[in-house]
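Encoded as structure tokens, the structure appears first; notes follow it.
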Amino acid sequence: MNKLIVPNLLNSLNSVLPEIALSLTLVAIVVFDLIFNKNKIILPYISIAGLVITFILLVSQFGISTTAFSVSETLSFLSLDGFSLFFKVLILITTTFIVLFSISSSEVHSCSDRHGEYYALIFGMVIGMFFMVSANDLILIYLSLELLSLSSYVLAGFVKTSIRNSEAQLKYLIYGSASSGIMLFGMSVLYGITGSTNLSEINTLINSPDGNQLTFLISIIMIFAGIGFKISIVPFHFWTPDVYEGAPISITAFLSVASKAAGFAVLIRFLKVTFATSINGSGYWQLIQFIDWQTLLILFSIITMTYGNFAALWQDNIKRMLAYSSIAHAGYLMLGVAVLSNQGILAVLVYFFIYMFMNLGAFYVVMLIANKINSEEIDDYKGIGYSLPLLGTALGIFLVSLTGLPPTAGFIGKLYLFIALVDANMITVAIIALLNTVVSLYYYIRVLRAMFLVKTDIKTELKLSVLNYVVLFLLIAPVLILGVYFGPLVNFAKASVQILGF
Amino acid sequence: MNNFPILSFLTFLPVLGMLIVLFLPKKEVQAIRITTLIVTGLQIVFSIILVMGYNYSAGGINDANSFQFKEFFNWISISDFAGIGKIKIDYFLGVDGLSTPLVLLTAIVTFIATLSSWNIDKSVKGYFLMFLLLDTGMMGTFVALDFFLFYIFWELMLLPMYFLIGIWGGPRREYAAIKFFLYTLFGSIFILLVMIGLYFSSMETLADGTRVFTFNLLELMNTANYTETGILSPLNPNNLRLVAYIALFVGFAIKIPMFPFHTWLPDAHVEAPTAISVILAGVLLKMGTYGILRIAYPIFPEITYQLAWWIALFGMINIIYGALAAMAQKDFKKLIAYSSVSHMGFVMLGMSALNTMGISGAILQMFNHGTITAMLFLIVGVIYDRAHTRDLEAFGGLGKQMPIYTGFVTIAFFAAIGLPGLSGFISEALVFLGGFGSGTTRILAVVSTLGILLGAAYMLWTMQRVYLGSLNEKWKDLTDLTGREYAMLVPLTIIVIYLGVNPSPMLNLMNASVNAMVKFIADAQVFYSSINTL
């Protein structure tokens with residue numbers, strides 16, 4: 001086996017070209033930051049160039065399904081499959097938008113001397129996420145998760161001058177470290193029981209469980225706590241509202257989409273590769289039934305969405321409101337996982353892709369408005385629909401899409417989710433989720449009410465740059481087009497449900 | 001003319017209008033209004049062309065071949081892959097005798113509402129953008145023959161309606177708008193669930209012989225398409241068809257609105273501007289009953305049979321409760337709103353009879369109620385524009401002050417009461433003939449006649465309080481109708497009188513379809529009872 005290592009490593013390097021490109025971009029950013037320390041304007045463009053190169057390298061991996069960094073014939077560290085590719089594309093698109101957001105963010109501009117570390121840390125997060133979504137080994141999952149977390153702790157408190165920013169950072173750090181500690185402990189217990197850190201190997205080892213079931217259960221719950229923290233599932237969500245409110249908006253948007261996507265990718269892969277024994281003809285997974293997975297997941301998702309939606313009702317700060325709404329959306333997405341079928345995963349992928357555009361869009365408009373009126377209170381949005389009609393309408397479209405009303409894309413995401421639920425005969429759950437949608441309408445519409453139903457005489461003039469218009473267009477167009485023509489997206493998602501190892 | 005996509009044109013003409021309005025500068029108020037007027041005027045022209053080219057002998061309902069002005073193409077078709085993701089959605093439009101009268105009604109009412117919107121002066125551009133979007137949603141709902149498409153149009157109406165009430169409404173507009181939105185959305189989630197359930201219960205056979213799940217309403221009606229295991233398939237012994245029917249019915253009933261889901265209506269009407277009240281009562285309420293007739297009836301015929309008595313019962317409650325509530329109102333507009341509740345009860349009563357008379361009466365009543373209530377709300381609008389109050393007690397003797405106006409009021413009121421010679425009489429008579437003719441609903445129909453009496457009572461009492469008696473000195477400066485108000489009231493009056501004297505054009509229009517539906521529901525019994533005996 002040892003003879004294989006060198007060629008194996010060389011071959012594997014080919015498979016991680018996108019990640020290498022990302023790392024080189026990170027280095028380039030740091031170097032340019034040192035060379036051009038007077039003129040930081042170039043940094044976002046370097047970032048975008050790096051992202052484009054990564055994207056090209058990623059596209060060349062399309063349709064490839066392979067493993068990399070193998071340790072034996074069957075076991076490997078990385079799984080490069082359609083599933084990881086989908087999430088990588090999603091993360092790349094998100095990152096590109098975040099870099100574009102940052103160019104016009106006044107929060108980021110207020111710390112112009114530290115732009116270098118800002119973009120470098122974003123790339124740190126992206127590299128972490130790229131490894132996370134394809135990791136097939138507990139150690140790699142942990143390492144990439146930490147890379148992601150450490151970078152995001154710093155970014156959450158990037159604007160040091162504001163008090164709530166530092167508070168957010170500290171909270172995030174403490175909650176984050178505690179939960180990764182718990183996760184690591186769970187992993188070590190799992191390793192103790194099975195003697196392996198490779199997910200596929202653990203699968204074969206626990207297929208005939210004769211060890212201590214309770215210990216096993218505890219280790220699984222601990223690992224789930226760590227992942228649950230990343231995707232802010234109740235009861236691991238406490239950090240979310242504070243961090244979302246305190247962090248710079250561009251970073252909040254990043255956390256709410258990309259980092260959540262990476263968390264979901266790990267959750268799904270971990271669940272499927274570690275516990276699935278077979279998949280039947282209709283795409284339903286058979287999991288090792290030492291606990292009732294489905295009930296557990298449904299319980300978590302219902303609590304999460306209900307809590308998120310009801311807590312959002314009482315929020316006066318739009319960032320906090322969007323934080324709770326993102327908790328609720330995590331609940332919907334979790335339902336897709338809870339179906340435990342390829343159909344459910346398809347729903348998650350479709351939903352996530354659409355969620356990316358509408359959530360980023362909502363945060364982008366909030367950022368542009370905050371640049372101008374310097375406030376994120378919903379009360380201060382009064383009359384925005386008249387003084388800033390374009391931004392008001394754009395935010396309106398994104399919020400309607402988040403509610404899930406046709407003809408916006410948000411409806412298609414929900415439709416696929418409910419199709420998966422009804423197909424699995426989970427009618428009661430579907431009804432609860434739908435009632436949640438009605439609740440969510442109330443707080444989304446509250447923003448619309450403030451913007452359009454209250455007319456004020458305040459004249460707000462906001463000059464948008466060409467870049468602003470372009471970014472807005474790039475976000476609105478998919479939200480509207482995917483609402484009436486979603487064939488290509490679903491086909492892409494369908495080609496991506498395949499997860500290696502099972 | 002045969003290949004011209006007239007239904008798409010009717011549906012998306014307002015979107016075209018929206019684009020024009022969007023590019024007109026905010027200050028060009030008159031141009032924006034005229035654009036909307038032209039768009040809605042063209043809709044009338046094209047719906048008349050539609051009626052002229054209509055084949056009176058074609059039934060429609062469940063038979064794709066006898067639908068007219070069909071447009072069909074695969075909108076979204078995603079093939080099967082390892083048991084996941086298969087989905088087929090058609091862009092399928094067509095009209096039959098059930099939808100043609102309502103398309104015509106929508107065109108007329110929208111045009112009149114445009115005229116009535118002339119005095120809107122707050123954010124005119126936004127108003128007409130929302131108005132036109134609403135128009136597309138309404139037209140689309142009546143011509144869609146694919147459940148998914150239907151649902152999109154159905155939901156498309158919510159948001160513009162929310163803004164139209166919420167921005168341009170009265171003092172409590174925010175409350176009324178959100179109440180409307182939450183109620184209707186609550187109803188639509190049930191429709192959505194049933195839609196997905198039905199999707200998994202029927203499989204359509206394509207030309208190449210493969211079978212796929214479908215949203216196509218006509219395929220969903222086809223009893224040969226049921227799958228063995230679908231939760232809404234009668235072949236599945238544990239099916240949930242009864243529950244689904246009730247859910248679907250409630251979803252539509254909120255829009256009718258059926259007691260006890262009617263509480264949003266008085267609020268919405270009172271707060272909405274006149275034009276929007278006209279559309280709400282004239283068209284939107286019909287969507288509820290149309291949805292039941294188009295979707296619930298033919299897809300669940302056996303449950304319809306089973307629950308006909310209950311539908312009639314709720315119809316009766318609506319008639320009597322609405323009338324009693326109307327009698328207790330002090331606000332003119334609220335009175336008309338409750339009278340709508342009462343009159344929509346007649347539609348439900350007629351539907352529940354399941355015979356040709358009853359269903360014809362129900363459809364005709366939908367059309368007549370649309371025109372008569374539009375008139376009634378315009379009448380309230382006229383007086384509110386001048387007096388800025390709708391308190392019934394505040395007036396008196398307006399007949400002397402505004403004689404021509406009072407003439408129109410008299411016609412509208414008598415039409416609403418159901419006086420012979422005016423359109424309301426024909427449809428109510430048909431509803432009762434149908435109701436008496438069906439054994440299930442006979443007693444309920446007899447009790448419902450009380451509603452006519454109560455209707456006469458509150459209408460005449462209102463007549464007396466507002467228009468007769470001595471003139472309140474406060475109103476001696478009120479002027480009679482303006483030219484624009486004539487333009488709104490005269491066409492409606494002509495329709496009301498003409499259909500009262502000669503209802504046959506409208507009845508002929510729907511006759512073949514009503515017969516087809518009655519026959520389809522009766523025939524379907526054989527199929528469903530054969531399953532139950534297995």
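Here is how names work: the chains are called A, B, and so on, in the same order as the sequence lines, proteins then strands, and each is numbered from 1.
Contact of A:Ile345 with chain B is not made at all, since no heavy-atom distance falls under 4.5 Å. Residue B:Trp75 touches chain A through both its backbone and its side chain, counting heavy-atom pairs closer than 4.5 Å. Neither the backbone nor the side chain of A:Leu421 comes within contact range of chain B; no heavy atoms are under 4.5 Å apart. Heavy atoms closer than 4.5 Å to chain B are found nowhere in A:Val350, neither backbone nor side chain. In this structure, chain B has heavy atoms under 4.5 Å from both the backbone and the side chain of A:Ile445. With a threshold of 4.5 angstrom between heavy atoms, B:Phe153 does not approach chain A through any atom at all. For A:Tyr284, no part lies near chain B; criterion is any non-hydrogen pair under 4.5 Å. Only the side chain of B:Ile178 comes within contact range of chain A, judged by heavy atoms closer than 4.5 Å.
Once rounded to the nearest 0.5 Å, the distance linking CG of A:Leu434 with CZ of B:Phe190 reads 8.5 Å. Taken from CG in A:Asn425 to CZ in B:Phe200, the straight-line distance is 10.0 Å, to the nearest 0.5 Å. B:Phe148 contributes atom CZ, which lies 4.0 Å from atom CD1 of A:Ile412 (distance to the nearest 0.5 angstrom).
Counting non-hydrogen atoms of neighbouring residues, nucleotides and ligands closer than 6.0 angstrom, the CZ atom of B:Phe23 reaches no more than 12 such neighbours. Within a 6.0 Å sphere centred on OH of B:Tyr91, heavy atoms belonging to other residues, nucleotides or ligands number more than 12. Crowding of A:Phe492 atom CZ: a count of heavy atoms from other residues, nucleotides or ligands under 6.0 Å exceeding 12. For B:Lys122, the NZ atom is densely surrounded, since the number of other residues' heavy atoms within 6.0 Å is greater than 12.
Within the 4.5 Å cutoff, side-chain heavy atoms of B:Tyr162 are placed close to those of A:Leu453. Looking only at side-chain heavy atoms (C-beta outward), B:Ile167 and A:Tyr386 come within less than 4.5 Å of each other. A:Ile419 has its side chain out of reach of B:Phe213: every pair of non-hydrogen atoms, C-beta onward, lies at least 4.5 Å apart. With contacts defined as side-chain heavy-atom distances shorter than 4.5 Å, the pair A:Leu441/B:Phe186 does not qualify.
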Side chain to side chain contact (heavy atoms under 4.5 Å, CB included) between A:Leu415 and B:Leu192: does it pass, once the steps are laid out?
CA-CA 9 Å; A:Leu415 178 79; B:Leu192 177 64; 4.1 Å; yes

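Contact tally against chain B (heavy-atom pairs below 4.5 Å) for A:Thr437, A:Thr408, A:Leu435, A:Val439: the top residue is A:Leu435. Listed options B:Gly197, B:Ser123, B:Gly126 were ranked by heavy-atom pairs under 4.5 angstrom with chain A; first place goes to B:Ser123. Top candidate by heavy-atom pairs under 4.5 Å with chain B, chosen from A:Val400, A:Thr403, A:Val438, A:Leu405, is A:Val438.
Note: B:Phe163 and A:Phe452 have perpendicular aromatic rings, judged against thresholds of 30 and 60 degrees for the angle between ring planes.
In plain terms, the two heavy atoms of B:Leu193 and A:Ala430 that are nearest each other are CD2-CB, 3.9 Å.
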